[in-house]
Amino acid sequence: MTAGLKTNLPVFIVVIPMFVAFMLPTFARRIKWIEGTVAAVKLLGLAAAAWLAHMVLYEKDFPVKYIMGGWPAPWGIELVIGNLAALFILTIAIVSLPVALFARDNLEKEVGPKQRIARFYVLYLLLIGALAGMAITNDLFNVFVLVEVVTLSCCGLVSSRKGHGAAKAAFNYLILATLGSALVLGGIGFIYILTGHLNMEFASAELGRVWQSSPHTVWMALSFLFVGFGVKAALFPLHVWLPDAHSMAPSPASALLSGLAIKGYIISFMKILYVIFGHTLMQEYGIYRILILIGMVAIIIGSLSALLQKRLKRRLAFSTVAQVGYLFLGLGLANKEGLMGTLLYLVSHAVIKSLLFLAAGAVISATGKENIRDLAGVGRKMPIAMGTFTIASLSLIGLPLLSGFIGKWHLVLGSLGAGDILSVTVIIIGSILCAAYLLPIIRIAYFEPAPEADWQDPGLPQKAALILLAAGVVLLGVLPGPFIELAGRAAAELLLIQ
Amino acid sequence: MKDYILKRIVAVILPFMCMYGFYVILHGASSPGGSFAGGIIVALSFIVFSTIYGLDEGRRILPESVLVWTESFGTLWYGLLGLIGIFKGVPFLANLLAGFKPGTPGSLFSGGLIPLLTLGVGIRVASTMVTLFFTIKEE
Amino acid sequence: MKELLEKVVINYPYLAAGILFAIGVLTVLTRSNVFKKLIGINIMESCVFLLFVSAGNIKGGNVPILDTANPKPVYVNPLPSALMLTGIVVSVSVTAFALALIIRLYNSYGTTDLRRIGEMDYEVKKK
Amino acid sequence: MKIRNVLIVILALIALYGIIISVAEMPPYGSPDNPVHNQVSERYIHKALEETGVLNMVTAIVLDYRAYDTMFETIVLFTAAIAVVINLKKYHDKSSSADKEDSLIK
């Protein structure tokens, strides 16, 4: 039994949240049961993810290939459970449990009656399952289908908020994201036409042989995939949907979207770039330089536009645009340190940004104020919400001993290794700008006189969620051992270093 | 709608339409079509019915609870059939590997798991389409 | 040049897919009416389906349904058709969801023009 | 607004140029020697009956060789249904429909 559980663990991680999601609308009559079930599923998921990570770290025979339905690689769908997948699944589990806890009291205000809350949880579980699936799949078309599940559930989560702004944001998001997925499918089509394979490794081997006879088609496939995933991951000139969607969504949904959904696309893009195209082709086409350049522009422009925002959640949303720049910058460095930096920054940003959004959501739902100027004195009235917000901000800026530092440190090391002084400068400037747009919030919250209003810290589950995430931020900074190990091995795997 | 002729014609045609939909679903293994196309035809029969006879009548024939159940369990059915493979010790969604009989080619129940999967997906597609239509029409 | 044109003419389904795809992208990006945007999205997705399905074709090939009585010599590639079945379902779901959002937008703004909606939002913000 | 449209048209023209160039390089349409017709489709065509027991190869692929994709396809449909319901469904109290509260048209 245990052996069966162990071999099929990757399938269960993807499928169990979805099964529970199918049953929620029919079985669950009371909102308490739904919340309990979701929390239980997430706890189970955390345990499973930890087990998976432990197996990947300490057992010899990983990465392991799971052959779906018994059809081997080029004919059927193949899942690969390696370091990258274990790292991302662990991140999903760490972030999604506190979000589920936080959602308990929050949703009634932002989403509405209990039937809608039940549907919200359904979309939440589908999103989690599909993200886990994206991390482990090794099949191009399967990536597309999972991308669609993620896109639709994200748009559903955004549109579940009451009020007219949410529908508009969700519509813009849906249109642009579908444009992105059509581009992704087009890119997959070009690769399929050239190689005749959908499995990533077979396609890669075939592409290495045929690319010289049709270089422009390969270039077209690459640019289709780049723009498609760029739209979905909110890469700088294509980020127009993000600020509205992330600031209009209910707070738990914003945390998921900013923390996890974007990361899922980046993981997929990373796999497609490094596994299918590979080092030689990317160097031949100069993708590395484009990635670094766009990453740097995204960092600067995203941070500057965040500086200009007056509303709290919009500022955090623009901050996400800047952080996506770091991730793409690391992808373009093309050495082990840079890729490790991307992966570690991805993990730490997932935790930090979801904590920031949840704390902001707690503050906004307690005070009813969205502008940063009106938050004077929140720090003293809501110590836990604002305290965790402070920890997360300091970590995002990149102070040592907090999680954001490790990712940035590896990114800097990677840029030095690539001999790219400009990107080191940009990373440091980005940190300074990050301090410039986050620290004023903390200053206003703590050092300005509080008005005579009765603002309370949120309820116990929400406090627990915030503290859990804050503990995660600190722990990732102090004891990053397993994460660094996983990220290092994943980076070496992607770059084919033995 | 008050149109008497339309109602009579629809009353005659509809059962055949629905049956044709199930025919397409079940014969997906040996002829063009299959779960999705057949499911759409089944859904269309209900959609035509509730367009001609009114939404309330449609709701009476297919209550919301039935729709929610078929919608959820059509998808769950697929997953549960996939789990059979795991219980037999072979991968998820295995078909003949999991010990199903291939049957005579071209007959109704050929291909082991496939007719069961088709039926689940077809019913599920039909109920989703009807749900989408009802929800959008109600607005 | 002539060589290029000849090759392009041989690959006319791909070219049609590409041109229609560009038209779809233009429709999505330049029109402010929500329905036109949705139609643009549908055009784009159909083009990708065209690209895939024409990739699987063989001239003189048969429908990929086995005929046990008299087997055909050449069958077209069934894989792209199977993939596009999934793609069509995805496209249908996106369209349904977008229509629901359009209804919601129309209920709260009274218009289906995104530019007008933006102006209304701006006015509300100013107040 | 005008400048933006002109920019978009220029971008589209560049993309079109790229498409034409890459179409010219693609394997010729309809030829049986294309890379698409490799051992993958060979097995689907010749072994589908033996390995799955159905005559329709497309069904064999959709529901057996790549059944995992089809599961996600149904999940996409399910997601869309849930998202539509979350947006449009009215529950018993009138005020609870998504945005009756702050509609901009009265």
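A note on names: the letters A, B, ... follow the listed sequences, proteins ahead of strands, and every chain is numbered from 1.
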A.B. asks: Counting C-beta onward and ignoring hydrogens, is there a side-chain heavy-atom pair between Thr79(D) and Glu148(A) closer than 4.5 Å?
C.D. replies: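 Side-chain contact under 4.5 Å: no.
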A.B. asks: Mind checking the CE-CE spacing from Met18(A) to Met71(D)? Nearest 0.5 Å is all I need.
C.D. replies: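 Between atom CE of Met18(A) and atom CE of Met71(D) there are 6.5 Å.
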A.B. asks: If we define contacts as heavy-atom pairs under 4.5 Å, which of Gly18(D), Ala83(D), Pro35(D) has the most with chain A?
C.D. replies: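 Most pairs with chain A among the choices: Pro35(D).
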A.B. asks: Is chain A contacted by the side chain of Ala15(D), its backbone, both, or neither, given a heavy-atom distance below 4.5 Å?
C.D. replies: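 Backbone of Ala15(D) only, per the 4.5 Å heavy-atom cut-off to chain A.
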A.B. asks: With a 4.5 angstrom heavy-atom cut-off, which part of Asn38(D) approaches chain A: side chain, backbone, both or neither?
C.D. replies: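 Just the side chain, heavy atoms under 4.5 Å.
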A.B. asks: Answer with side chain, backbone, both or neither: which region of Leu79(A) has an atom nearer than 4.5 Å to a non-hydrogen atom of chain D?
C.D. replies: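 It is the side chain, since no backbone atom gets that close.
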A.B. asks: Using heavy-atom distances under 4.5 Å, tell me whether Leu194(A) contacts chain D through its side chain, its backbone, both, or neither.
C.D. replies: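 Both parts, backbone and side chain.
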A.B. asks: For chain A, which of Val23(D), Ile61(D), Asp64(D) has the most heavy-atom pairs under 4.5 Å?
C.D. replies: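 Greatest number of close heavy-atom pairs with chain A: Asp64(D).
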A.B. asks: As a quick check of understanding, evaluate side chain to side chain contact (heavy atoms under 4.5 Å, CB included) for Gln39(D) and His197(A), giving each step before the final call.
C.D. replies: CA-CA 10 Å; Gln39(D) 80 269 28; His197(A) 286 287; 3.8 Å; yes
A.B. asks: If you count heavy-atom pairs under 4.5 Å between each of Arg43(D), Glu73(D), Glu51(D) and chain A, which one has the most?
C.D. replies: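 Looking at each option in turn, the highest pair count goes to Arg43(D).
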A.B. asks: Do the ring planes of Trp71(A) and Tyr65(D) sit parallel (below 30°), tilted (30 to 60°) or perpendicular (above 60°)?
C.D. replies: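 Judged by the thresholds at 30° and 60°, the geometry between Trp71(A) and Tyr65(D) is tilted.
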A.B. asks: Given heavy-atom pairs under 4.5 angstrom as the criterion, report whether the side chain, backbone, both or neither of Leu198(A) touches chain D.
C.D. replies: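 For Leu198(A), the contact with chain D is made by the side chain alone.
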A.B. asks: Judged by atom type as modelled, is there a donor-acceptor pair below 3.5 Å linking the side chain of Tyr44(D) to the main-chain atoms of Trp75(A)?
C.D. replies: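 Yes, the answer is positive, given that a donor and an acceptor are paired below the 3.5 Å cut-off.
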A.B. asks: Where do Ser159(A) and Ile86(D) come nearest, in terms of heavy atoms and distance?
C.D. replies: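 Shortest heavy-atom separation between Ser159(A) and Ile86(D) comes out as OG-CG2, 4.4 Å.
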A.B. asks: Among Val84(D), Val76(D), Asp69(D), Ile75(D), who wins on heavy-atom pairs under 4.5 Å with chain A?
C.D. replies: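 Greatest number of close heavy-atom pairs with chain A: Asp69(D).
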A.B. asks: Check each atom of Thr70(D) against the heavy atoms of chain A and say whether the ones under 4.5 Å are side chain, backbone, both or neither.
C.D. replies: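 Contact with chain A: none, neither part.
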A.B. asks: Tell me, for Ile19(D) versus chain A, whether the close heavy atoms (under 4.5 Å) come from the side chain, the backbone, both or neither.
C.D. replies: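 Its backbone and side chain both get close to chain A.
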A.B. asks: Return the CD to OG distance between Glu25(D) and Ser213(A), rounded to the nearest 0.5 Å.
C.D. replies: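 Rounded to the nearest 0.5 Å, the CD-OG separation comes out at 8.0 Å.
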A.B. asks: With a 4.5 angstrom heavy-atom cut-off, is it the side chain or the backbone of Val218(A) that approaches chain D, or both, or neither?
C.D. replies: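 Contact with chain D is absent: no heavy atom of Val218(A) under 4.5 Å.
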A.B. asks: Nearest 0.5 angstrom please: Tyr29(D) OH to Ile193(A) CD1, how far?
C.D. replies: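 These two atoms lie 11.5 Å from each other.
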A.B. asks: By a 4.5 Å heavy-atom criterion (distance strictly below it), what part of Val14(A) contacts chain D: side chain, backbone, both, or neither?
C.D. replies: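 Side chain only.
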A.B. asks: Would you say the side-chain atoms of Ser22(D) pair up with the backbone N or O of His216(A), donor to acceptor, closer than 3.5 Å?
C.D. replies: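 Not a single qualifying donor-acceptor pair exists.
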A.B. asks: What part of Thr195(A) is in contact with chain D, defined as an atom under 4.5 angstrom from a non-hydrogen atom: side chain, backbone, both or neither?
C.D. replies: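 Just the backbone, heavy atoms under 4.5 Å.
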A.B. asks: Donor-acceptor pair, Arg119(A) side chain versus Ile82(D) backbone, under 3.5 Å?
C.D. replies: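 Between the backbone of Ile82(D) and the side chain of Arg119(A) there is no qualifying donor-acceptor contact (under 3.5 Å).
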A.B. asks: Measuring heavy-atom distances to chain A, does Phe78(D) have an atom under 4.5 Å in its side chain, in its backbone, in both, or in neither?
C.D. replies: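 Side chain only.
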A.B. asks: For chain D, which residues from residues 134-146 of chain A have at least one heavy atom closer than 4.5 Å to it?
C.D. replies: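 Hits under 4.5 Å: Asp139(A), Phe141(A), Asn142(A), Val145(A), Leu146(A).
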